[in-house]
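In what follows, chains are A, B, ... by sequence order, proteins preceding strands, each numbered from 1. Atoms considered below: every heavy atom in the structure, side chains included; atoms not considered: hydrogens, waters and symmetry mates. In this text the structure is predicted, and so the values were computed from the model without any measurement.
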Amino acid sequence: MSRIPTLMPRLKEAGRKALIPYITAGDPDCDETLRIMHTLVNAGADMIELGVPFSDPMADGPVIQKACERALAKGCSLRDVLGIVRRFRETDPETPVVLMGYLNPVEAMGYETFAAMAEEAGVDGVLLVDLPPEEGDRVVPILNEHGLDAVFLLSPTTSDERIRLVSRHCSGYVYYVSLKGVTGSATIDATAVEQRVDHIRALTELPVGVGFGIRDSETARAVGRVSDAIIVGSVIVDCISRHPEAGPALHEALDRLVRPLRESLDTL
Amino acid sequence: MKLTEELLKDFPDSRGHFGDYGGRFVSETLIDSLDHLESEYRRLRDDPQFRERFERDLEDYVGRPTPLYRADRLSEETGGASIWLKREDLCHTGAHKVNNTIGQALVAHFLGKPRVIAETGAGQHGVATATVAARLGLKCKIYMGAEDVKRQSINVYRMKLLGAEVEAVEGGTRTLKDAMNEALRDWVTNVDDTFYIIGTVAGPHPYPMMVRDFQSVIGREARRQHLEKTGRLPDALVACVGGGSNAIGLFYPFLTDESVELYGVEAGGYGIETGQHAAPLSAGRPGVLHGNRTYLMEDENGQISGTHSVSAGLDYPGVGPEHSWLKDIGRAHYVSVTDDEAMDAFRTLTAVEGIMPALETAHGIAYALKLARQMTPDQSIIINLSGRGDKDMNTVARMDNIDVE
């Protein structure tokens, strides 16, 4: 059963904003990804979005595109990503893991096989960026049957009618894409995000996570103030790319990057 | 499945599905624009003012109708069926691509979008887009794989002369699919003021339907011309298939003519058995890429495979969803020819008819020559001569070890 629906109310009760880092699995390699997940949790992550590498990541900016290319060059497949989660669960039974990626690798594996393996590995949610709810009939029920949350995106251009539609199919949390663009785009407009998130809240009961364009403590605090969770991806992936040799230097750098985000959220 | 005019109205259905294929698989930010485009396009398609403008542009600017030409010496060469060429190479800018860019640029214009973007492989769609952008005074940016920029340098220069900005895409395999990824990234970022002119019958709904509608002028003319010239329908149609816009354009008005066999010819590259090709309908399986479900070339993990074809315009791992549907219901046959067979056909057509086809088009000719030999002289084939070969002079010359640069 997904850990997300129990985690989010618990955090809300405690007045804590969820910090959700995103990393691309298999970059720089699968063993290192596992260690990075533990480092992120130690630095204050409440949940992890684990990117499934894809050859054609059309919603991603250059930072995550290159991470996908590195991971695929190492041969990291969806099965390998599930293997990482299984090993993560050996020592961390608590922290929810959401797989984020594109539909085709999941479709190639087969929805039933994927959902069963993901459940068994200890995955909690799945976010497929090129799967809008209208096309989800074949996938979402299977995910739900296996206790997995299907997380969907909302954007600055989503109509009210669609916000309601998306929330009917979505569980765990909704992911509000803060700006028109790809991952790692320009910095966020906090005022616009605030207005939009308030509006979304009026239309859905689901917790609202906000991502795209959060790159430092200042933007984390501005967005955390108005949302239930913040998702931080490109700056973390960029940090990983700067330490291809991995080792302690990478983990120290990640800690230095993520801990201040945690601290700034905790001042709210 | 027996196709009727009535039945065809449901293909695609209201959500863009052709049976299992098509649909709308894009990130949330684009959905609103696609909804808007769909409703506006459905309105414009029935708007007399829009139709009049489109038809006038096809006539006065593109040069339609294009001739249906009986290739006497080519027909004699095979000793079989009579071969007719639908001369899309005589369209302004040298290929069928402009039929679609004229239509989409008009939609952009009616929607008040000041900027257009496009992906291109061989550069024909890029040139056709830059051309109509120049004519309507729209800002224009073309995405082209870095590999294709190298092998189609003449078209790159043409686009720049026409005032377009050309970005060489360095990601992935540096070909057409990567150009399309980058165009989608641009669109999601600039969705307010930008219209994405997709070059083929692929992408999210309503593109496969809209591009098909604009390209169907090819088949409507060919059907009428063949009836006028011979008093009967052709026995077979042949067209090359990359994304499949020239093929669907020719096929669509014949779909309910059961006696007419349809052949789509994919790029066999070094041969299907080598894995080095661009023939998803011949050797791929269904998956999801670039906004639609369709046959794809992918590995066992669902990663999109690199493709190979001598022709940049066919070098794409997917295909329009309507072709996937026509394959599954058995209405059209999809076959492939190799690089070498296409090159031979290029030389044959040049030598016996004085017409140099694009290397993409040469794939269709190569298969039609094989097909004609199995048919009788009282039968006839229409080949879509989708583009002219000027842009491929460098590639052909290199194979002859001649430096023309």
Side-chain angles (χ1 to χ4, degrees), chain A residues 52-62 65-66 68-69 71-72 75-81 101-110 114 128-136 138 152-159 161-163 165-166 174-177 179-183 185-186 212, chain B residues 14-17 20 22-36 119 169-173 177-194 203-205 285-294 296-306 317-318:
Chain A
V52 179
F54 183 49
S55 53
D56 295 80
M58 62 186 189
D60 286 297
Q65 285 173 47
K66 292 204 179 82
C68 283
E69 287 180 15
L72 291 174
C76 180
S77 69
L78 177 52
R79 279 169 202 277
D80 295 326
V81 178
Y102 295 79
L103 181 59
N104 203 52
V106 173
E107 182 153 318
M109 182 182 275
F114 166 74
L128 299 166
V129 295
D130 56 350
L131 182 79
E134 288 91 336
E135 299 284 358
R138 306 187 194 184
F152 284 99
L153 302 172
L154 295 175
S155 84
T157 59
T158 308
S159 67
E161 192 190 331
R162 276 188 64 76
I163 294 175
L165 171 89
V166 169
V174 286
Y175 184 135
Y176 176 60
V177 175
L179 46 82
K180 293 170 198 158
V182 292
T183 53
S185 299
F212 283 41
Chain B
S14 62
R15 276 165 37 193
H17 297 114
D20 269 350
R24 191 179 274 174
F25 296 88
V26 293
S27 49
E28 180 60 29
T29 308
L30 293 177
I31 297 281
D32 180 63
S33 271
L34 290 167
D35 276 342
H36 183 61
E119 83 295 339
V169 177
E170 297 285 351
T173 57
K177 81 174 174 76
D178 310 288
M180 194 150 179
N181 289 333
E182 207 55 35
L184 283 163
R185 290 178 190 123
D186 180 314
W187 197 31
V188 83
T189 307
N190 301 297
V191 64
D192 292 331
D193 74 341
T194 297
H205 181 59
R285 60 174 174 156
V288 172
L289 179 69
H290 291 154
N292 62 120
R293 179 175 283 116
T294 192
L296 295 176
M297 289 179 54
E298 57 175 307
D299 68 14
E300 71 279 9
N301 294 316
Q303 305 297 342
I304 307 307
S305 313

_Test log, rule side-chain contact (heavy atoms from CB on, under 4.5 Å), inputs B:Glu28 and A:Thr158_ = CA-CA 7 Å; B:Glu28 180 60 29; A:Thr158 308; 3.0 Å; yes

*Please walk me through it: do B:Ile304 and A:Phe54 pass side-chain contact (heavy atoms from CB on, under 4.5 Å)?*
CA-CA 8 Å; B:Ile304 307 307; A:Phe54 183 49; 4.0 Å; yes

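For A:Leu72, the part lying near chain B is the side chain, with the backbone staying farther off; criterion is any non-hydrogen pair under 4.5 Å. Proximity to chain A (any heavy atom under 4.5 Å) is restricted, for B:His17, to the side chain, taken from C-beta onward. Contact of B:Ile31 with chain A is made through the side chain alone, with heavy-atom distances under 4.5 Å. The contact between A:Leu103 and chain B is made entirely by side chain atoms (from C-beta outward), counting heavy-atom distances below 4.5 Å. For a residue to count as touching a neighbouring chain, one of its non-hydrogen atoms must lie under 4.5 Å from one of that chain's; by this rule B:Arg24 touches chain A with backbone and side chain alike.
Between the A:Arg162 side chain and the B:Asp32 main chain, no donor and acceptor come within less than 3.5 Å of each other. Between the side chain of A:Glu69 and the backbone N or O of B:Gly172, at least one donor-acceptor pair lies under 3.5 Å. Listed for the B:Arg185 side chain is no donor-acceptor partner under 3.5 Å among the backbone atoms of A:Gly181. The backbone N or O of B:Val288 lies less than 3.5 Å from a partner atom in the side chain of A:Asn104, making a donor-acceptor pair. One N or O on the side chain of B:Gln303 and one on the backbone of A:Pro53 form a donor-acceptor pair closer than 3.5 Å.
The distance from atom CE of A:Met58 to atom CG of B:Leu184, rounded to the nearest 0.5 Å, is 5.5 Å. Separating the CG atom in B:Asn301 from the OG atom in A:Ser55 is a distance of 10.5 Å, to the nearest 0.5 Å. Rounding to the nearest 0.5 angstrom, the gap separating the CG atom in A:Asp56 from the CD atom in B:Glu182 is 11.5 Å. To the nearest 0.5 angstrom, A:Tyr102 atom OH is 7.5 Å from B:Ser27 atom OG. To the nearest 0.5 angstrom, A:Glu161 atom CD is 9.0 Å from B:Asp35 atom CG. Note that OG1 of B:Thr29 is 8.5 Å distant from CG of A:Leu179, once rounded to the nearest 0.5 Å.
For the options B:Asp192, B:Leu30, B:Leu296, heavy-atom pairs under 4.5 Å to chain A are most numerous at B:Asp192. By number of non-hydrogen pairs under 4.5 angstrom with chain A, the leading residue of B:Arg15, B:Met180, B:Arg293 is B:Arg293.
Within a 6.0 Å sphere centred on CZ of A:Arg79, other residues, nucleotides and ligands contribute 12 heavy atoms or fewer.
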